[in-house]
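Numbering of ligands and ligand atoms starts at 1, following listing order.
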Amino acid sequence: MKKLIVLCGMILMCAFTFAKGSKSIYVGTNPEFFPFEYLENGEMKGFDVELMEKIGEKIGKEIKWKDMAFDGLLPALQSNKLDVIIAGMTATDDRKKFVNFSQAYYTSTQKILVNEETNDIDSLESMKGKSVGVILGYTGDVAVSKIEGVDVKRYNGAGEGVMALKAKKVDAVVLDSEPAKNYIKKNTGLKLIDTDLDKEEYAIAVSKDNNELTEEIDGALEELMEDGTYDELMEKYFN
Ligand code: ARG
């Protein structure tokens with residue numbers, strides 16, 4: 001009888017800890033953002049992917065990756081279909097109203113991509129009267145949509161936007177600097193122009209109901225920054 005009670009107690013405890021802290025977490029990203037996340041032979045690769053895997057090791061969670069459209073990520077997190085988003089996502093004030101963000105792990109800026117022969121676009125203001133490609137839901141979309149008199153064309157991914165630019169369907173594309181630089185490297189006939197937009201900080205997003213996980217992720221990030229892992233990843237992907 002005693003044994004049975006102990007056994008029942010153990011089963012209950014297991015069930016409880018399992019419900020409270022599952023061993024895996026669903027992490028959403030949109031792998032069209034080199035070198036932060038991209039697909040290589042169908043496999044998820046990149047700076048964010050490795051960083052998140054290391055965080056998972058630190059906090060004892062297996063990462064289950066979910067490949068989604070960028071503008072579907074935040075709604076999925078808010079409806080608890082995801083536990084975490086890591087996607088080169090800028091921690092904007094607007095997004096902070098709806099989700100928690102970890103500390104920042106990367107600082108970025110927006111750049112303008114144009115065809116080499118384009119000489120009359122050198123700032124956001126100079127885009128007035130032009131047609132400009134942005135990627136749906138990106139911070140570049142938000143920024144360009146605020147400029148009056150721009151014909152904004154929204155694309156589902158950066159690759160699509162760059163193709164439209166090369167085909168001269170748009171006069172420019174606004175995109176985060178690292179992926180933008182990569183498109184310049186991989187394509188001929190394009191050049192990069194600076195914008196005067198504010199710097200942006202990438203951070204990891206977690207649901208507002210999950211302060212515990214936010215803190216765990218922050219702690220793990222801190223450790224990875226101190227023990228040299230973060231620097232190694234920076235070196236690997238950005239040098
Ligand atoms: N930094 C921009 C934003 O937060 C673009 C991020 C795009 N990321 C991606 N994985 N496709 O809106």
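Counting heavy atoms under 4.0 Å from ligand 1, residue Thr90 touches it through both backbone and side chain.
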Let's go through Lys96 and Phe101 carefully: what are the C-alpha distance in whole Å and the side-chain angles of both, what is the deciding distance for side chain to side chain contact (heavy atoms under 4.5 Å, CB included) to 0.1 Å, and is it a yes or a no?
CA-CA 7 Å; Lys96 281 180 194 162; Phe101 277 107; 3.7 Å; yes

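No side-chain N or O of Glu201 forms a donor-acceptor pair with one of Gln103 less than 3.5 Å apart. Donor-acceptor pairing under 3.5 Å is lacking for the side chains of Asn30 and Asp67. Side-chain polar atoms of Tyr237 and Glu50 form a donor-acceptor pair below 3.5 angstrom.
With Asp194 as the fixed residue, the salt bridge (charged side-chain N to carboxylate O under 4.0 Å, His left out) test singles out one of Lys181, Lys111, Lys199: Lys111.
With salt bridges taken as basic N to acidic carboxylate O contacts below 4.0 Å, one links Glu117 and Lys168.
Looking at atom 6 (C) of ligand 1, its nearest protein heavy atom turns out to be Gly88 O, 3.3 Å. For atom 5 (C) of ligand 1, the nearest protein heavy atom (residue, atom name, distance) is Asp176 OD1, 3.5 Å.
Ring orientation note: the planes of Tyr138 and Phe70 are nearly perpendicular, at an angle over 60° on the 30°/60° scale.
Close approach of ligand 1 to Tyr202 (heavy-atom distance below 4.0 Å) involves ligand atoms 1 (N). Of all the atoms in ligand 1, the ones that sit under 4.0 Å from a non-hydrogen atom of Asn30 are 9 (C), 10 (N), 11 (N). Ligand 1 places these atoms under 4.0 Å from at least one heavy atom of Ala87: 6 (C), 7 (C), 8 (N), 9 (C), 10 (N). In the vicinity of Thr139, heavy-atom distances shorter than 4.0 Å reach the ligand 1 atoms 1 (N), 2 (C), 3 (C), 12 (O).
Between Phe34, Phe36, Tyr138, it is Tyr138 that holds the heavy atom closest to atom 7 (C) of ligand 1. For atom 4 (O) of ligand 1, the choice among Glu201, Glu200, Arg95, Glu178 with the nearest heavy atom turns out to be Arg95.
With Tyr230 as the aromatic partner, Lys54 does not meet the cation-pi criteria of under 6.0 angstrom to the ring centre and within 45 degrees of the ring axis.
In terms of N/O distances under 3.5 Å, ligand 1 is not approached by Phe70. Residue contacts with ligand 1: Thr29 is placed with no nitrogen or oxygen under 3.5 Å of a nitrogen or oxygen of the ligand (distance criterion only).
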